[in-house]
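Here's the structure we're looking at; comments come further down.
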There are 2 protein chains.
Amino acid sequence: MSIRPLPVTFMNQMADVLKVMGHGYRLRIVEFLDLHGPTPAHVLLAALGGAQGLLSQHLAKLRQAQVIQAERRGKEVWYTLDTPAATTILNCMRKRQGALQ
Amino acid sequence: MSIRPLPVTFMNQMADVLKVMGHGYRLRIVEFLDLHGPTPAHVLLAALGGAQGLLSQHLAKLRQAQVIQAERRGKEVWYTLDTPAATTILNCMRKRQGALQ
DNA sequence: ACGATATATCATTATGTTACGATATGTCAA
DNA sequence: TTGACATATCGTAACATAATGATATATCGT
């Protein structure tokens, strides 16, 4: 039972997801959501720092790539991880921590 | 035993790896090496297509991020996957294929 | 030393990304 | 409806990346 190459279009989709996660700030957003579950943006802002507009832009990119989901609750917008792929990649990183540095 | 946030410097390193893999052509290079093992560049070129100089540039990026390793054997340069993280990410993608689309 | 093959690098252009500051929108409470 | 809070978007400058065509380097056989 040999492993076949994945379809090129699928590879390109996955490349987009990897690319979006391939940014320190966004990766920290993803990690925070993985550790703490659904979180409103202002809590992310307090935890991660930086300018409000910048956080919003990064959240938008993660949303576009369907890595996270947004849901408004009153004044707040709550963000949630939307793909188990993100958690899998994080866990892979956690396992490797120490081995790479 | 709760999971702690990964160190920021480590996160940034991993973000670089994800970013480098976040490109369709490079992702296909990584997949090919994962499926076929060590491979000389001209075989990759025949398999993946594109301009020779472009392949070389992408290989250089993957090398810089320590995703692959290069070893000259005579006229050829053989490339090998250098981090199990790449295989883990690929396997994650394989599991998810079909679920995303 | 020469030609052929394999790979890397360079210069350039086009395009995309990031961060910043400012401004706009949405929601609620008084 | 006004103010306060939460979030999103816009314009822009700095910077990074991608692809192309051309050229350079490396290795081998003759």
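Chain identifiers are assigned alphabetically (A, B, ...) following the order of the sequence lines, protein sequences preceding nucleic acid strands; residue numbering begins at 1 within each chain. Every value quoted in this text rests on a predicted model; they were computed, and no experiment measured them. All heavy atoms count here, side chains included; hydrogens, waters and symmetry mates do not.
Atom CG in B/Asn12 sits about 13 Å away from atom P in C/dT18, given to the nearest Å. Summarising the geometry, the separation between CG on A/Leu55 and P on C/dT18 is reported as 14 Å, rounded to the nearest angstrom. Here D/dA18 presents its P atom at 16 Å from CG of B/Leu48, a figure rounded to the nearest Å. At whole-Å resolution of the value, NE2 in B/His42 and C1' in C/dA8 are 15 Å apart. Atom-to-atom, CH2 of A/Trp78 to C1' of D/dT7 comes out at 15 Å; the value is rounded to the nearest Å. In this structure, A/Ile68 places its CD1 atom 9 Å from P of D/dA8, rounding to the nearest Å. Between the CZ atom of B/Arg28 and the P atom of D/dA18 there is a distance of 13 Å, given to the nearest Å. In this structure, CD of A/Glu71 is placed 15 Å from C1' of C/dT27, rounded to the nearest angstrom.
A/Arg26 comes within 4.0 angstrom of the backbone, heavy atoms only, and of no base. B/Gly53 comes within 4.0 angstrom of a nucleotide base, judged by non-hydrogen atoms across all strands. Using a 4.0 Å heavy-atom cutoff across all strands shown, A/Ala51 reaches no nucleic acid atom at all.
A residue-by-residue look at B/Ser56 and A/Arg72 shows that B/Ser56 has its nearest nucleotide of DNA chain C further toward the 5' end. The nearest heavy atom of DNA chain D to A/Arg63 and to B/Gly22 marks one nucleotide each, and the one closer to the 5' end goes with A/Arg63. Remark on DNA chain D: of its neighbouring residues B/Arg73 and A/Glu76, the 5'-side contact belongs to A/Glu76, judged by nearest-heavy-atom nucleotide.
Between A/Tyr25 and C/dT17 there is no side-chain N or O to OP1 or OP2 distance below 4.0 Å. Of the side-chain N and O atoms in A/His58, one or more sit less than 4.0 angstrom from OP1 or OP2 of C/dA19. Residue B/Lys19 has no polar side-chain atom (N or O) positioned under 4.0 Å from OP1 or OP2 of D/dA16. Distances shorter than 4.0 Å separate some side-chain N or O of A/Tyr79 from OP1 or OP2 on D/dA8. For the pair A/His23 and C/dA19, the criterion of a side-chain N or O lying under 4.0 Å from OP1 or OP2 is met.
Across all strands shown, C/dA1 is found opposite D/dT30 as a Watson-Crick or G-U wobble partner, with both distances under 3.5 Å.
Annotation: side chain of B/Leu55 is in contact with side chain of B/Ile29 (closest heavy-atom distance under 4.5 Å). Between A/Thr88 and B/Asn91, the closest side-chain pair of non-hydrogen atoms is not below 4.5 Å. Using a 4.5 Å heavy-atom threshold, the side chains of A/Ile89 and A/Val30 count as separate. Put simply, the side chain of A/Val8 reaches to within 4.5 Å of the side chain of A/Asn12, judged on heavy atoms.
Residue B/Lys61 has its side chain nearest to D/dT17 when only D/dT17, C/dA8, C/dT27 are considered. You'll find that the side chain of A/Gln57 is closest to C/dC20, out of D/dT20, C/dC20, D/dA8. Looking at the side chain of B/Leu54, the nearest of the listed nucleotides D/dA6, D/dT20, D/dT7 is D/dT20. When each of C/dA19, D/dC28, C/dT9 is scored by its nearest atom to the side-chain atoms of B/Lys75, the top-ranked nucleotide is D/dC28.
Partner of B/Met14 under the side chain to side chain contact (heavy atoms under 4.5 Å, CB included) criterion, chosen from A/Arg94, A/Glu31, A/Met93: A/Met93.
Ring orientation note: the planes of B/His36 and B/Phe32 are close to parallel, at an angle under 30° on the 30°/60° scale.
Not a single donor-acceptor contact under 3.5 angstrom links the side-chain atoms of A/Gln52 to the base of D/dA6.
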